[in-house]
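Written below as structure tokens is the structure these notes are about.
If you're wondering where the values come from, they're calculated on a predicted model, not measured in any experiment. The chains referred to below are lettered A, B, ... by the order of the sequence lines, with proteins before strands, and numbering in each begins at 1.
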Protein chains: 2
Amino acid sequence: MPNIGNLDGVPSVAMSTVISIRDLKTHCMTCSMRELCLPVGLEREAMHQLDQLVSERRRFKRGEPIYSAGEPFAALYAIRLGSCKTTVLAEDGREQVAGYHMPGDLLGLDGIGHDRHGCQSIALEDIEVCVLPFGQLEELSHRFPPLQKNLHRVLSREIIRDHNVMLLLGSMRAEERLAVFLLNLSHRYHDRGYSATEFVLRMTREEIGSYLGLKLETVSRLFSRFQQEGLIQVQGRAIKLLDTAALRQLAGQHG
Amino acid sequence: MPNIGNLDGVPSVAMSTVISIRDLKTHCMTCSMRELCLPVGLEREAMHQLDQLVSERRRFKRGEPIYSAGEPFAALYAIRLGSCKTTVLAEDGREQVAGYHMPGDLLGLDGIGHDRHGCQSIALEDIEVCVLPFGQLEELSHRFPPLQKNLHRVLSREIIRDHNVMLLLGSMRAEERLAVFLLNLSHRYHDRGYSATEFVLRMTREEIGSYLGLKLETVSRLFSRFQQEGLIQVQGRAIKLLDTAALRQLAGQHG
DNA sequence: GGCAGGGCTTGAGACAGATCAAGGACGCTC
DNA sequence: GAGCGTCCTTGATCTGTCTCAAGCCCTGCC
């Protein structure tokens with residue numbers, strides 16, 4: 001893929017990360033994530049307005065922050081492509097991964113509460129996000145109640161997700177945590193049209209461990225054990241789920 | 001206190017838990033929690049409308065659920081008096097306390113996401129809540145942008161709170177968790193006009209443990225140790241913080 | 001006043017997961 | 001394709017927290 005940020009000999013300082021969305025003819029209407037993202041269920045006009053609102057699209061390379069803790073909050077970010085992690089920092093420097101995000105997810109919801117980002121989101125691979133200036137989004141959601149409803153749902157679902165992570169961290173054993181994690185990824189890849197049983201992890205063992213409240217060695221050992229037991233096949237970051245029923249059993253999900 | 005639900009010989013079946021708020025001359029305007037609750041910063045008219053919206057006030061005895069998992073979501077509940085715990089249930093029956101709530105807190109936010117409550121809130125002592133029908137609240141917030149803003153903030157702050165609990169559960173040791181817990185309670189009591197250093201816990205050791213991802217024996221031992229070290233004074237559920245600086249140190253808060 | 005039951009404390013021992021340590025695999029860059 | 005750094009695996013040992021167990025202290029009830 002050509003470096004889209006450096007067409008026409010335009011100096012690349014700004015262009016390498018900031019691209020006018022209209023120039024690229026990208027619209028919510030035709031975005032493959034529209035069913036998972038904010039526009040879900042909106043009528044034509046509302047979706048069009050939302051399109052207009054997306055002031056720009058930004059790209060980040062692996063390791064770059066989409067936003068950082070302490071920054072003034074101005075916009076939400078909808079992932080179009082790629083994935084990232086959100087981390088909370090303790091005062092003493094300890095870092096906790098609070099979530100992994102993929103296309104269709106909305107980032108930065110924690111910034112609304114105090115007009116300042118409370119955590120940071122870091123790209124795990126090259127990523128592209130739509131920038132949704134929050135003031136305008138509130139205004140627009142004010143004119144289109146279904147959009148308001150969607151925004152409320154997104155916020156509430158993040159709370160539900162967080163509660164489930166608490167359940168995981170507070171009362172599950174290591175093997176259960178990892179099983180839940182793998183099944184959750186599987187489910188989300190499936191929702192996005194990818195294989196539910198074969199995928200490539202975008203994060204290190206240490207990052208998985210941080211999310212699950214475990215050390216990287218424990219994660220590594222569990223992967224090995226799951227493989228030995230025939231539950232999964234691991235090769236570095238490439239994962240194949242071989243026995244999802246058994247994984248669900250382990251995860252305490254009798255479904 | 002007389003049984004307010006049974007005045008005038010009215011049959012008490014409904015009246016024992018449902019009271020028209022207007023009859024009792026209770027208004028957001030005069031509520032002592034207005035600065036911590038949804039009405040914060042609203043102009044007269046908006047606050048009046050919010051008052052009108054509060055369809056009823058309900059009372060629950062200790063142990064009663066304000067709402068339960070699986071119930072259709074219809075309303076948010078603002079605590080006027082008393083406190084409760086919110087618990088998430090795993091499919092296998094395990095229970096995790098996801099939060100403790102006190103006057104001014106809004107309950108039921110997790111219900112918005114799927115029009116159904118995903119967890120339950122149980123009264124820890126006799127409690128009184130204002131019922132805010134959510135459909136009407138959305139409509140009203142649509143007419144009063146500052147109210148919409150407040151709602152967004154409340155939702156976002158719950159996310160921030162949850163992230164901090166994840167940090168606690170995922171990367172802190174037992175003693176740090178308990179220190180954080182005590183300081184958090186202290187802070188919230190202070191905000192509500194109570195002593196920041198002397199308060200009575202409303203929950204059992206087991207419930208504290210569930211919230212902190214610890215067993216009740218561990219919580220008990222830590223209380224004893226903190227007392228021995230002169231950090232606190234414990235007598236059953238009565239707590240006195242003696243050395244908040246040391247507690248903050250323990251909690252990793254250098255403030 | 002005695003008794004029952006829930007909640008709390010404390011001790012001893014077990015164990016899951018952390019820590020420490022060493023080496024291997026993989027993917028960069030030059 | 002050599003060399004380096006990051007990430008990963010695996011083993012040995014350690015330890016914080018859990019588990020099991022016993023007894024105490026309230027509070028409410030008969």
Side-chain angles (χ1 to χ4, degrees), chain A residues 61-63 85 94-97 122-126 168-182 200-229 231-240 250 252, chain B residues 61-63 85 94-97 122-126 168-182 200-229 231-240 250 252:
Chain A
K61 297 217 163 296
R62 180 149 66 102
K85 63 171 177 178
R94 262 180 300 193
E95 197 175 322
Q96 167 78 24
V97 173
I122 307 253
L124 289 171
E125 61 191 317
D126 291 5
L168 179 145
L169 291 172
S171 53
M172 291 188 180
R173 293 176 323 103
E175 56 180 22
E176 303 179 271
R177 295 183 200 187
L178 190 62
V180 168
F181 176 70
L182 290 173
V200 174
L201 300 171
R202 303 266 97 122
M203 66 294 283
T204 66
R205 302 291 192 256
E206 185 168 21
E207 287 166 333
I208 296 172
S210 171
Y211 183 58
L212 300 178
L214 303 170
K215 290 293 159 189
L216 72 98
E217 294 95 331
T218 303
V219 174
S220 180
R221 276 185 243 273
L222 283 170
F223 273 135
S224 301
R225 217 185 78 203
F226 282 6
Q227 177 159 250
Q228 256 184 330
E229 292 168 349
L231 300 179
I232 64 174
Q233 191 179 309
V234 208
Q235 188 147 194
R237 302 203 182 168
I239 301 280
K240 200 184 289 189
L250 243 186
Chain B
K61 296 216 163 296
R62 180 149 65 102
K85 63 171 177 179
R94 261 178 302 192
E95 198 175 321
Q96 167 78 24
V97 173
I122 309 253
L124 288 171
E125 60 190 318
D126 291 5
L168 178 146
L169 291 172
S171 51
M172 290 188 179
R173 293 176 322 103
E175 56 179 21
E176 303 179 90
R177 296 184 199 187
L178 190 62
V180 169
F181 176 70
L182 290 173
V200 174
L201 299 172
R202 304 265 96 122
M203 66 296 281
T204 66
R205 302 289 192 256
E206 185 168 20
E207 287 167 333
I208 296 172
S210 172
Y211 182 57
L212 300 179
L214 302 170
K215 291 294 158 188
L216 72 96
E217 295 94 332
T218 304
V219 174
S220 179
R221 276 185 243 273
L222 284 170
F223 273 135
S224 301
R225 216 186 78 205
F226 281 7
Q227 178 160 248
Q228 255 184 329
E229 291 168 351
L231 301 180
I232 64 174
Q233 190 178 307
V234 208
Q235 189 145 199
R237 302 203 182 169
I239 301 281
K240 200 184 287 190
L250 244 188

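Considering every non-hydrogen atom in both B:L169 and B:Q96, the closest pair reads CD1-NE2, 4.3 Å. Here the closest heavy-atom approach between residue A:V219 and residue A:G209 is recorded as CG2-CA, 3.6 Å. Nearest approach of B:T204 to B:R237, heavy atoms of both residues: CG2-NH2, 3.2 Å.
In this structure, CD of B:E206 is placed 12 Å from P of D:dC18, rounded to the nearest angstrom. Whole-Å rounding puts the B:F226 CZ to C:dT9 P distance at 13 Å. Across the protein-nucleic acid pair, B:R225 atom CZ and D:dG16 atom C1' stand 11 Å apart, rounded to whole Å. Remark: C1' of C:dT9 and CZ of B:F223 are 13 Å apart, rounded to the nearest angstrom. Look at CG on B:L169: it is 15 Å from C1' on D:dT17, rounded to the nearest Å. The separation between A:L212 atom CG and C:dA18 atom P is 11 Å, rounded to whole Å. Nucleotide C:dC8 holds its C1' atom 16 Å from the NZ atom of B:K215, rounded to whole Å. Atom CG in B:L222 sits about 13 Å away from atom C1' in C:dT10, given to the nearest Å.
Using a 4.0 Å cut-off, no side-chain N or O of A:S220 falls inside it from OP1 or OP2 of D:dC8. Within the 4.0 Å cut-off from OP1 or OP2 of C:dT9, at least one side-chain nitrogen or oxygen of B:R205 is found.
For D:dG11, its base sits under 3.5 Å from the side chain of A:R221 at one donor and acceptor pair at least.
Residue B:S224 places its side chain closer to C:dT10 than to any other of C:dT10, C:dA18, D:dC7.
Contacts of B:R237 with the nucleic acid, taken as non-hydrogen atoms under 4.0 Å apart, involve only primed sugar atoms and P, OP1 or OP2. Within the 4.0 angstrom heavy-atom criterion, no nucleotide atom of any strand lies near A:G209. Using a 4.0 Å heavy-atom criterion, one finds that A:R177 contacts no nucleic acid atom at all. Within 4.0 Å of A:L214, counting heavy atoms only, lie sugar-phosphate atoms of the nucleic acid but no base atom.
Side chains of B:F181 and B:L168 form no contact here, defined as non-hydrogen atoms less than 4.5 Å apart. Residues A:E229 and A:E175 have side chains not in contact (no heavy-atom distance under 4.5 Å, counting atoms from C-beta outward).
Along DNA chain C, the nucleotide nearest B:R62 and the nucleotide nearest B:E217 are compared for position; the residue whose nucleotide lies closer to the 5' end is B:R62.
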